[in-house]
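Some notes on the structure that comes next.
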There are 2 protein chains.
Amino acid sequence: MSVSVMELKEAKDKFIHTWGTLATQWGINRTMAQIHALLLLSPKSMNADEIMADLQISRGNVNMNLRDLMDWGLIYKQLLPGERKEYFIAEKDIWKVAKQIAKERRRREIGPLIEAMEELKESIQPDSAEKEEFLKIVNDISKVSVFADNTMTSLLKSDENWLINNFIKIFNK
Amino acid sequence: MSVSVMELKEAKDKFIHTWGTLATQWGINRTMAQIHALLLLSPKSMNADEIMADLQISRGNVNMNLRDLMDWGLIYKQLLPGERKEYFIAEKDIWKVAKQIAKERRRREIGPLIEAMEELKESIQPDSAEKEEFLKIVNDISKVSVFADNTMTSLLKSDENWLINNFIKIFNK
DNA sequence: AAAAACTTTCAGAATATTTTGAAAATTCAA
DNA sequence: TTGAATTTTCAAAATATTCTGAAAGTTTTT
């Protein structure tokens, strides 16, 4: 193997490792992130055995995290003609990847918060100063959550959005 | 204790419990979130012993998480005249709280990603098609990260921002 | 300067999360 | 059908994170 190819292999390994480490900091599990990184960098789709061999992890682990990555909409299953095995390929359009991650996090992180605050609001009658104080906080959190949710949605939804357009200009430079 | 006060106590407990549970979903530890919730709901500042008693957790745990909450800028230390003990009070302005959390997450989640991608870019010369392909991905992630960072910053920085103003209108209704 | 009041630290314990791997389930070809 | 290939499941093991509590450190009072 030539020196220059070796450099690339090293950089790819570093990318996979880094992606895995960073992911834990944002609540995604290390292996899921590493599989994602591996597939992102792979020019062709890979099957479970290849991923197992490459990352040195068990079949069960690979299976579980591939399923999670599909739930997140970050990878797709590819059925190759004449092949029994399932192959997986990552979404390579990084803007789509980012949108997908943001979407999923909005759903997981903001959704339950809004629901919980609504439930609390309904459970208390504002018939005392103390209760009004409590409801003030619950209401404020509710409003901030709905705002965050709306902001996320408008950032994600329309590519006509000024913010997005502004971004696309920079991105396509 | 009257029935109506009991209801409030229950709602507060539910709030604290919910806040703690949700927090784990967004990478913050349960106890830290519970202490934060407790202080958010407390009309007066609390000391370590009071928090220990209320949440039934150890002194070390309380101390450590109070420090983390101060790092996050979510609570302040209050020295009461004539008191030896340190008292803690939460930032009650929920919009400030949200900004603080967003700021901290930007710093922790996006910052390291940008750095890692820059480092990878510098380590590889684009002297082959394979390397160019790799650098394309790294570059794209770099651009998306910088975009996310900038978007966060402009959302947070200026209250003249249209998005913020729009929010404030809703919030103050 | 000593003692009391309080805060911080950190090694070990407890808890929670992730991973393994073999067995069960499923799919497909013959 | 049958059975080989492949995927999925899940209990137990490994690993990672959080928590405890007593000892050490610090600050204030006497």
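Protein chains get the first letters and strands the later ones, always in sequence-line order, with residue 1 at the start of each.
- You'll find the side chain of D140(A) stays beyond 4.5 Å of the side chain of V144(A), heavy atoms only.
- Following rounding to the nearest Å, F88(B) (CZ) and dT7(C) (C1') show an atom-to-atom distance of 9 Å.
- Residues E132(B) and K136(B) are not paired through a salt bridge, judged by the lack of any N-O separation under 4.0 Å between the basic side chain and the carboxylate.
- If you find the closest nucleotide of DNA chain D to I57(B) and to T24(A), the one lying nearer the 5' end belongs to T24(A).
- Note on N29(B): only backbone sugar-phosphate atoms sit closer than 4.0 angstrom, heavy atoms only; bases stay farther off.
- Contact detail for W72(A) and Q100(A): the closest heavy-atom pair is O-CG, 3.0 Å.
- More than 12 non-hydrogen atoms from other residues, nucleotides or ligands lie less than 6.0 angstrom from NZ of K131(A).
- Residue-level contact check: N63(B) touches the bases, meaning some heavy atom is under 4.0 Å from a base atom.
- Atom-to-atom, CE of M70(B) to P of dT7(C) comes out at 11 Å; the value is rounded to the nearest Å.
- A pairwise comparison of heavy atoms in S142(B) and K121(B) identifies OG-NZ, 3.2 Å as the closest pair.
- Taking a heavy-atom distance under 4.0 Å as the criterion, the stretch of DNA chain D touched by chain A extends 5' to 3' from dA4(D) to dT9(D).
- Distance CZ (R30(B)) to C1' (dT15(C)): 9 Å, rounded to an integer number of Å.
- A donor N or O paired with an acceptor N or O is found under 3.5 Å between the base of dT27(C) and the side-chain atoms of R84(A).
- Here side-chain hydrogen bond (donor to acceptor under 3.5 Å, both in side chains) pairs that include residues 31-40 of chain B, with residues two or more places apart or in two chains, are W19(B)-H36(B).
- Here dA11(C) presents its P atom at 13 Å from CE of M64(B), a figure rounded to the nearest Å.
- Nucleotide dT17(C) holds its P atom 16 Å from the CE atom of M32(A), rounded to whole Å.
- Between the NZ atom of K85(B) and the P atom of dT8(C) there is a distance of 14 Å, rounded to whole Å.
- Partner L55(B) forms a side-chain contact (heavy atoms from CB on, under 4.5 Å) with one of V62(B), L38(B), N65(B) and no other, that one being L38(B).
- The interatomic distance linking L66(B) (CG) with dT8(C) (C1') rounds to 12 Å, in whole Å.
- At a threshold of 4.0 angstrom between heavy atoms, the contacts of R59(A) include nucleobase atoms, whether or not backbone atoms are also involved.
- Within the structure, a side-chain polar atom (N or O) of T31(A) is placed less than 4.0 Å from OP1 or OP2 of dT19(C).
- Across the protein-nucleic acid pair, Q78(B) atom CD and dC6(C) atom P stand 17 Å apart, rounded to whole Å.
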